Visitor: 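Here it is, the structure, as structure tokens.
One-based numbering along the sequence shown. Each ligand, and each atom within it, is numbered from 1 in the order the structure gives. The structure presented is a predicted model; accordingly, all values stated were derived computationally and were not measured.
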Amino acid sequence: MLSPEDLMAELKNKQLPTFGTNQERRDRLRKFHGIDPLPRDQSYDLGYGQDNQMFNGKQPLQQQQQFPNIQPVQQQKAQEYQSEKQNNVGQPPIQRKLSVLENIQKMQQQREDRRVKIEEQRANKKQRELQNEAAGIKVDADFDLMIEKSRLSQKDANPHTSTVNMKISVCVRKRPIFAKESQSGEIDAVSAANPLIRVHEPKFRVDGITKFVENHNFTFDNTFSDLESNDQLYRAAIQPTIHFPFNRGIVTCFAYGQTGSGKTFTMKGSNEAAIRDIYALAKTQYADKQPKFYISFFEIYGGKLFDLLNGRAKLAVLEDKNQKIQIQGLEEKLVDSETDMISMIEFAHSERTTHATASNDTSSRSHAICQIQVKEGNGKLMGKLFLVDLAGSERAADCQSNNRQRRLEGAEINKSLLALKECIRSLDMRKHNQDVHIPFRASKLTMVLRDSFMMNAEKTRIIMIACISPGSSSADHTINTLRYASRLKENPGQGGLELAHNPLQQNHQQHVPQPISQPPAPIRYQPPPQQQQQQQQQINQRPQSSIIHQDKPDSQIGGLRARGIGGGGGLANVGRMIMESGSKQNLTSVEEQKQPPIRKQWGDPQSQQQQQQQRRPPIPVPQSNSNIRQQLPHNIGQNNNKYRNEVDAIENAKLDNIKVREHDELDDDSDGSEIGGDREDEDDKLKAQQRLKSKAQQDWNYLKQTLGGNKNNGGWKNQQLPTQEELEDGMNNEDILDLHEKVDNILEKEEELISQHMHLIKENAQLLTKEGELISYVQENDEYEVEEYVEKMSMIVERKLDIYKLLNNKLQEFKKYLREEEEVHNMTVNKGGFAQKR
Ligand SMILES: Nc1ncnc2c1ncn2[C@@H]1O[C@H](COP(=O)(O)OP(=O)(O)OP(=O)(O)O)[C@@H](O)[C@H]1O
Ligand SMILES: [Mg+2]
């Protein structure tokens with residue numbers, strides 16, 4: 001290390017200038033020797049002598065003491081410098097100077113390029129903003145441009161694959177973005193090019209400023225862009241299977257997706273096209289069998305079934321001894337023309353439980369199931385077509401709502417969509433292992449679609465249409481929808497042939513066929529004027545609950561009533577029961593007030609009076625006699641036997657109403673039992689209900705185990721192992737499953753409570769009649785026996801007290817269930833459960 005004096009001497013010796021600080025002098029000397037000057041901080045740390053072999057290479061003691069803690073850094077940097085210097089040895093200084101210049105020029109060029117690029121981006125952004133402004137679109141131009149760059153091109157789209165050979169086909173349809181969405185800042189964040197679909201999710205980096213777009217890619221059997229019409233979708237996805245219902249097959253088509261994503265739009269369009277085709281086929285290819293079409297249309301709302309072609313009459317689901325699921329009371333209407341069929345479907349849609357949401361004025365809150373049965377002229381069943389418009393998938397997330405009504409609704413939807421996914425998945429797994437259990441009894445939805453899952457594989461087709469909204473703010477819902485759809489079968493998107501042999505293959509080309517029927521001009525059924533008047537009258541008279549179930553605050557039982565749980569029957573049934581059982585004389589005024597409203601029915605050409613006569617009796621929820629007996633208090637003495645008898649009589653009358661309809665059968669894969677159409681006796685019917693209840697519980701447990709369990713406790717038995725995503729998925733959250741159970745319990749107990757209440761009202765009416773007779777007798781006979789009067793009256797009062805006590809017990813019990821559900825809900829929310837992923 002040179003001392004300052006030595007440094008000065010050295011500089012003079014080399015005839016170099018001596019001005020400046022010691023550091024500058026050292027740098028000058030280094031430069032002279034062809035060594036780059038050290039950066040200021042390094043030179044300060046390292047000193048001159050250390051990094052130059054010319055000098056003594058020792059660090060001054062003074063500096064070592066001054067900066068003991070930076071010793072290792074000094075050494076490391078010194079070594080780096082040393083090796084750099086060695087690399088430069090031998091290069092003439094002029095050459096090094098050139099490379100420095102080149103580097104500077106390169107950096108300048110890069111800076112210039114960057115500047116031009118930023119300018120370009122700004123200009124593009126400005127231009128886009130002006131364009132958008134002119135079009136009334138108020139979107140973030142940065143995201144808009146970024147998304148545009150990563151969009152899938154329609155040019156790359158493949159032709160659609162026919163679904164004829166896919167037992168399960170999964171397709172996705174993107175609806176167009178609406179002007180009002182763009183005006184409110186929504187960017188079209190989805191692009192589709194069959195069979196791909198890409199969600200462009202706009203995001204911010206952690207700094208909260210830098211924007212970027214995350215692209216999520218999915219492949220399905222078919223994807224449909226917003227430019228493709230209902231007809232194009234129908235021709236690719238549904239039409240190839242339209243022969244199945246004429247050949248002892250079942251086709252089930254589902255529309256799944258969040259609210260406002262186009263499920264109803266898609267299903268209505270597909271329904272019309274399918275109906276045109278089946279009527280065309282009936283007149284041509286299958287004319288020799290003289291096919292006839294029977295339609296039923298019902299909705300599942302809050303775990304209950306309502307007939308949409310019969311004034312929302314409440315329906316019950318039973319399982320017969322041959323393990324076939326029967327929908328007791330469901331109307332099946334023979335429809336002669338496609339025009340009538342289409343207008344009936346319109347009508348049924350208008351009967352659905354709807355609710356206005358931000359994205360859809362008539363958002364459906366239920367699963368709507370349209371069943372078209374094809375029967376030969378001789379009545380033999382040829383096959384079925386199910387068109388299912390599912391409730392909005394995001395409703396499932398409502399089970400975290402603070403409003404109990406929404407919670408019950410959401411939990412029910414969640415449960416059924418979960419069961420549906422597992423049933424379809426299990427069906428898909430059957431191609432590897434025939435023994436895979438299909439838990440179709442785990443929800444009402446899958447229960448009523450049992451045949452779609454259990455039929456002979458060669459003859460059923462399941463088509464899932466996942467509908468998605470393009471808006472950027474829906475990107476997470478869209479991704480969840482696509483995830484749900486992608487889990488329904490192994491390798492969706494690999495399309496092609498899934499069945500070794502297809503009996504109907506000869507009927508089809510492998511590519512999307514041409515329309516069977518030419519779409520006629522749009523047809524709308526217009527009932528005759530008289531009929532329209534009747535319908536309007538019926539609508540006006542319909543109880544509020546069956547028109548639109550409005551959003552009400554959390555009012556527990558009131559809330560349940562508001563949304564129609566408890567049935568379209570509800571008070572109307574109570575009124576009718578009073579009328580049927582009570583004395584006419586005493587109930588005249590009640591009858592006037594509680595005349596059951598006439599149910600709106602699809603335009604029957606009969607008079608209103610005829611319609612009333614034809615109206616089906618209310619469908620009671622059957623309960624076993626023993627149950628009712630158990631509910632009678634034990635302290636009712638012998639004199640009260642007549643009340644027991646009356647209870648039995650009521651129950652028997654209820655049973656008389658249960659007409660399990662004869663069942664037309666198709667080939668069946670399930671349980672090996674012979675499918676019978678015999679009428680079952682009453683006991684069998686009660687047993688059927690019990691059987692179904694316990695089996696439903698078993699299937700639910702199976703589902704719970706499958707989803708919530710792990711390999712050690714039997715979870716994932718016979719199933720694909722869950723992906724990491726699924727394990728983190730809220731659908732598998734045990735708390736949610738627990739909540740479902742509580743909700744189920746509430747729905748079931750609510751039914752019991754209402755049935756008990758109706759029973760009480762009826763009995764009360766009978767007691768009132770007796771009271772009236774007694775008081776008339778006392779008033780009309782001066783010589784009445786006061787003991788007899790007191791005895792009779794106390795019997796009536798006792799009985800009244802008993803039945804009210806009974807109802808009160810039920811009410812207290814019900815409140816307990818509500819509290820329990822509330823607790824589980826709060827616990828889950830506090831734990832941060834309810835992931836909304838599906
Ligand atoms: N492919 C499409 N082309 C044009 N308009 C569409 C399309 N899909 C949906 N729409 C329109 O979007 C709106 C919402 O659609 P739709 O009622 O079918 O949604 P949804 O999925 O049934 O919603 P919800 O679950 O709330 O019932 C409707 O006005 C419908 O006409
Ligand atoms: Mg809808």
Visitor: Please determine if Leu390 has a nitrogen or oxygen closer than 3.5 Å to a nitrogen or oxygen of ligand 1.
Guide: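 N/O-N/O distance under 3.5 Å: no.
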Visitor: Do the side-chain N and O atoms of Glu186 and Ser473 include a donor-acceptor pair separated by under 3.5 angstrom?
Guide: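 Yes, Ser473 and Glu186 have a side-chain donor paired with an acceptor closer than 3.5 Å.
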Visitor: Is any N or O atom of Ser261, backbone or side chain, closer than 3.5 Å to an N or O atom of ligand 1?
Guide: yes
Visitor: For a distance under 2.8 Å, tell me if Thr259 has an N/O/S atom near the Mg ion (ligand 2).
Guide: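 Coordinating: no.
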Visitor: Taking side chain to side chain contact (heavy atoms under 4.5 Å, CB included) as the test, write out the residues that go with Glu133, two or more places apart.
Guide: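 Side chain to side chain contact (heavy atoms under 4.5 Å, CB included) list for Glu133, sorted by chain: empty.
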Visitor: At a 4.0 Å cut-off, with the gap strictly under it, does some heavy atom of Arg173 reach an atom of ligand 1?
Guide: yes
Visitor: Determine, for Lys444 against Glu412, whether the closest basic-nitrogen to carboxylate-oxygen distance falls under 4.0 angstrom.
Guide: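 Not counted as a salt bridge, because no side-chain N and carboxylate O are separated by less than 4.0 Å.
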Visitor: Number the atoms of ligand 1 from 1 as they appear, then name those within less than 4.0 Å of a heavy atom of Gln258, with their elements.
Guide: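 Counting atoms of ligand 1 from 1, those under 4.0 Å from Gln258 are 21 (O).
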Visitor: Is Ala255 touching ligand 1 with its side chain, its backbone, both, or neither, if touching means heavy atoms under 4.0 Å apart?
Guide: neither
Visitor: Short N/O distance, under 3.5 Å, between Phe265 and ligand 1?
Guide: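 Yes; the residue has a nitrogen or oxygen that sits under 3.5 Å from a nitrogen or oxygen of the ligand.
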Visitor: Determine, using ring centers only, whether His160 and Phe224 are less than 6.0 Å apart.
Guide: yes
Visitor: Would Cys467 count as a contact residue for ligand 1, given that I'm defining contact as a non-hydrogen atom of the residue lying under 4.0 Å from a ligand atom?
Guide: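 In this structure, Cys467 fails to qualify as a contact of ligand 1 - no heavy atom is under 4.0 Å.
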Visitor: Would you mind telling me which of Leu417, Leu420, Asp389 makes a side-chain contact (heavy atoms from CB on, under 4.5 Å) with His367?
Guide: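 Considering Leu417, Leu420, Asp389, a side-chain contact (heavy atoms from CB on, under 4.5 Å) with His367 is found only for Leu417.
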Visitor: Counting the benzene-type ring for Trp, do Tyr279 and Phe293 have ring centres under 6.0 Å apart?
Guide: yes
Visitor: Any idea how Phe297 and His349 line up, ring-wise: parallel (<30°), tilted (30 to 60°), or perpendicular (>60°)?
Guide: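 Correct class here is perpendicular.
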Visitor: Does Asp389, backbone or side chain, put an N or O under 3.5 Å from an N or O of ligand 1?
Guide: no
Visitor: Judging by distance only, is a nitrogen or oxygen of Lys174 under 3.5 angstrom from one on ligand 1?
Guide: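 No; every N/O pair is 3.5 Å or more apart.
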Visitor: Is Gly257 close enough to touch ligand 1? Criterion: a residue heavy atom under 4.0 Å from a ligand atom.
Guide: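 It does not; every heavy atom stays at 4.0 Å or beyond.
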Visitor: Can you find an N or O of Ala391 that's nearer than 3.5 Å to an N or O of ligand 1?
Guide: no
Visitor: Does Phe306 have its ring centroid less than 6.0 Å away from the ring centroid of Phe298?
Guide: no
Visitor: Any N/O of Arg175 closer than 3.5 Å to an N/O of ligand 1?
Guide: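 Checking ligand 1 against Arg175, no N or O pair falls under 3.5 Å apart.
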Visitor: Only counting residues at least two apart or in another chain, list the ones meeting side chain to side chain contact (heavy atoms under 4.5 Å, CB included) with Ala419.
Guide: Ala442, Ser443, Thr446, Leu703
Visitor: In terms of atom number and element, which parts of ligand 1 are under 4.0 angstrom from non-hydrogen atoms of Gly392?
Guide: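 The atoms of ligand 1 under 4.0 Å from a heavy atom of Gly392 are 25 (O).
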